Peer 1: 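Here it is: the structure, laid out below.
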Protein chains: 2
Amino acid sequence: MTLKQKRDAAPAIGFSPLYQQVKSVLLQRLVDGVWVPGSLLPSEIQLAAEIGVSQGTVRKALDELAAENLLVRRQGRGTFVAEHDERRILFQFFKLVPDHGERRFPESAVLNVTVAPADAEESAALAIEPAAGVIRIRRLRALDGRPLILETLSLPQKVFAGLDRAEIPNNLYSLFASRYGITIARARERLKAVALSADDAAALSVATGTPALRIDRIALALDGMPVERRLSLCLTEEAHYLSDLR
Amino acid sequence: MTLKQKRDAAPAIGFSPLYQQVKSVLLQRLVDGVWVPGSLLPSEIQLAAEIGVSQGTVRKALDELAAENLLVRRQGRGTFVAEHDERRILFQFFKLVPDHGERRFPESAVLNVTVAPADAEESAALAIEPAAGVIRIRRLRALDGRPLILETLSLPQKVFAGLDRAEIPNNLYSLFASRYGITIARARERLKAVALSADDAAALSVATGTPALRIDRIALALDGMPVERRLSLCLTEEAHYLSDLR
DNA sequence: GAGTGGTCTAGACCACGAA
DNA sequence: TCGTGGTCTAGACCACTCA
């Protein structure tokens, strides 16, 4: 039975436009890993024939997924599953930019990796049971050799089982995708200005009480589940957080 | 001569899709005040006939303008020019939200209004000549009676001639639109964590050196010209800046 | 019921990239 | 030269609003 027939058969209950249903079907394939990052999707015409709708309807679904940065469309080549390459992360997920000079990635040094029961904040942020296991990664990130960000990541152990310290790369999201089949689709950040504690200040090589930007990020997978909590303390003497309102 | 004929006549030089040209035409009418905020646009069919393209092409242009929050489309009613009502500002341009409780507007108290030659920062931010006149508005904004934001606005005097202290409302952007015909289309914010100076701390009723979130906003009009610079110092003990990454 | 925007279709042609 | 996505058109029908 085609999608259109399904809709027409029961128009009263939970009606939604065809292209939205097509979008859900395609999204589910991304979630299920039928199409992995970097791979080429079938052409619009093939998808339309397979799903049983017109090319225009498939196009509208694909366009929306592309607008959400989940797909990349290239004229003459085809439609691809978006990858978490450096450039994408840099512009979509990394908002701290130097006051002067180019936007670029900081180097990372892992300080320690521990596994522990989730505290109250973590279980709330990650929507996991109280005291469920979390992997905590603490790392220091620097630009031009100057410590800039002290970062504490909390990952649900259930999702990222077997994550080893040795394999933690600078770009974590591409590891999530390649090793665990998890695509980070979007994130929510809450920012505050705080005074650094003695320990945090020492790690960043500044004086206790130095003002820092505290970023509390929760990153969501394709299916909307929170899969990462990231607490960052950023020095903003020579950098700033860039937010475009439109 | 219709748009399509124009394009076909000279396809080599500066080709752009028809719907983009239509979009430019419509945008120009917004800039020129042909259609003011809140007013009803002609129907898609009327616009298509007038401009000389198909309804689908007009639709694509209208959809993009709606996606940029410049128009509001309502099924069964028509397409309207977006207004800077409280709700829109609250969600599009006001990112500081209480940690607990509902997102809401702070009350404002104007501390002083002065006119002075622009300093280097202002002339750069507003793209005006060095020492051109700017209106500076300093105000204190509070939630539930607690001072939260100390704000300094810089407006080019040329654009906002005759702005009087008595007429400064809490919602400035609707005044910009109604009195000066200027629509704020988008803004760029740069955030830093700073320690409050003695003066600023006193204005906010906190101790000198208290960490605060410093937001440097440049707001752009429909035509892309910067028309407002806003420097905010925000206390983030019980509130945070919310940023959605997607 | 008339008019609006929203969806869906079918088909034509264009611009682009790669073989 | 071929296949891809991008644009444009024309027309049908649907859902919503309001008189």
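To find a chain, count down the sequence lines: A is the first, B the second, and so on, and within it residues start at 1. The model shown is predicted, which means the values in this text are computed figures rather than measured ones.
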Peer 1: Within a radius of less than 6.0 Å around CD of A/Gln28, do more than 12 heavy atoms belonging to other residues, nucleotides or ligands occur?
Peer 2: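 For A/Gln28, atom CD is crowded (more than 12 foreign heavy atoms under 6.0 Å).
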Peer 1: Test for a donor-acceptor pair under 3.5 Å between the base of C/dG17 and the side chain of A/Arg74, counting only N and O atoms.
Peer 2: no
Peer 1: Does A/Thr57 place a side-chain N or O at less than 4.0 Å from the phosphate oxygens OP1/OP2 of C/dT7?
Peer 2: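 For C/dT7, OP1/OP2 do not have a side-chain N/O of A/Thr57 under 4.0 Å.
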Peer 1: Return the value, rounded to whole Å, for the distance between atom CG of A/Leu40 and atom C1' of D/dG3.
Peer 2: 11 Å
Peer 1: Between A/Tyr19 (OH) and D/dC14 (C1'), how many Å, whole number?
Peer 2: 14 Å
Peer 1: Rounded to the Å, how far apart are B/Phe80 CZ and C/dT4 P?
Peer 2: 11 Å
Peer 1: A/Glu64 has an atom CD; how far is it from atom P of C/dG6, in whole Å?
Peer 2: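 Distance check: A/Glu64 CD to C/dG6 P gives 13 Å.
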Peer 1: Among the nucleotides D/dT17, C/dT4, D/dC16, which one has an atom lying closest to any side-chain atom of B/Ser43?
Peer 2: C/dT4
Peer 1: Verify, without hydrogens or angle tests, whether A/Gln21 (side chain) and A/Ser16 (backbone) share a donor-acceptor contact under 3.5 angstrom.
Peer 2: yes
Peer 1: For a quick test of reading the model: is some side-chain N or O of B/Lys60 closer than 4.0 Å to OP1 or OP2 of D/dC8?
Peer 2: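 No, no such contact exists.
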Peer 1: Which of the following nucleotides, D/dC8, D/dG5, C/dT4, is nearest to the side chain of A/Arg73?
Peer 2: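 Output: D/dG5.
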Peer 1: NZ of B/Lys23 versus P of D/dC8: gap in Å, rounded?
Peer 2: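 For the pair B/Lys23 NZ and D/dC8 P, the rounded distance is 13 Å.
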Peer 1: Return the value, rounded to whole Å, for the distance between atom CG of B/Leu47 and atom P of C/dG3.
Peer 2: 17 Å
Peer 1: Between D/dC8, C/dG5, D/dG6, which nucleotide has the shortest distance from any of its atoms to the side chain of B/Pro17?
Peer 2: D/dC8
Peer 1: Classify the side chain of A/Arg59 versus the base of D/dG5 as yes if they form a donor-acceptor pair under 3.5 Å and no if they do not.
Peer 2: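 For A/Arg59, whose side chain was compared with the base of D/dG5, there is no donor-acceptor pair (under 3.5 Å).
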Peer 1: Return the CG to CE distance between A/Leu126 and A/Met225, rounded to the nearest 0.5 Å.
Peer 2: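 Here the interatomic distance stands at 9.0 Å.
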Peer 1: Within the structure provided, determine whether B/Leu242 and B/Arg103 are in side-chain contact (heavy-atom separation under 4.5 Å).
Peer 2: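 Yes - at least one pair of side-chain heavy atoms lies under 4.5 Å apart.
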Peer 1: Pick the closest DNA chain C nucleotide for B/Thr79 and for A/Val58 by heavy atoms, then say which residue is nearer the 5' end.
Peer 2: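 The residue whose closest nucleotide sits nearer the 5' end is B/Thr79.
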Peer 1: Using atom CD of A/Glu44 as one end and atom C1' of D/dG3 as the other, report the distance to the nearest whole Å.
Peer 2: 12 Å
Peer 1: Could you tell me whether the phosphate oxygens of C/dC8, OP1 or OP2, come under 4.0 Å of any side-chain nitrogen or oxygen in A/Ser54?
Peer 2: no
Peer 1: Treating B/Glu167 as the side-chain partner and B/Asp164 as the backbone partner, does any N or O pair qualify as donor plus acceptor under 3.5 Å?
Peer 2: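 The answer is yes, because a donor-acceptor pair under 3.5 Å joins these two groups.
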Peer 1: B/Leu62 has an atom CG; how far is it from atom P of C/dT4, in whole Å?
Peer 2: 13 Å
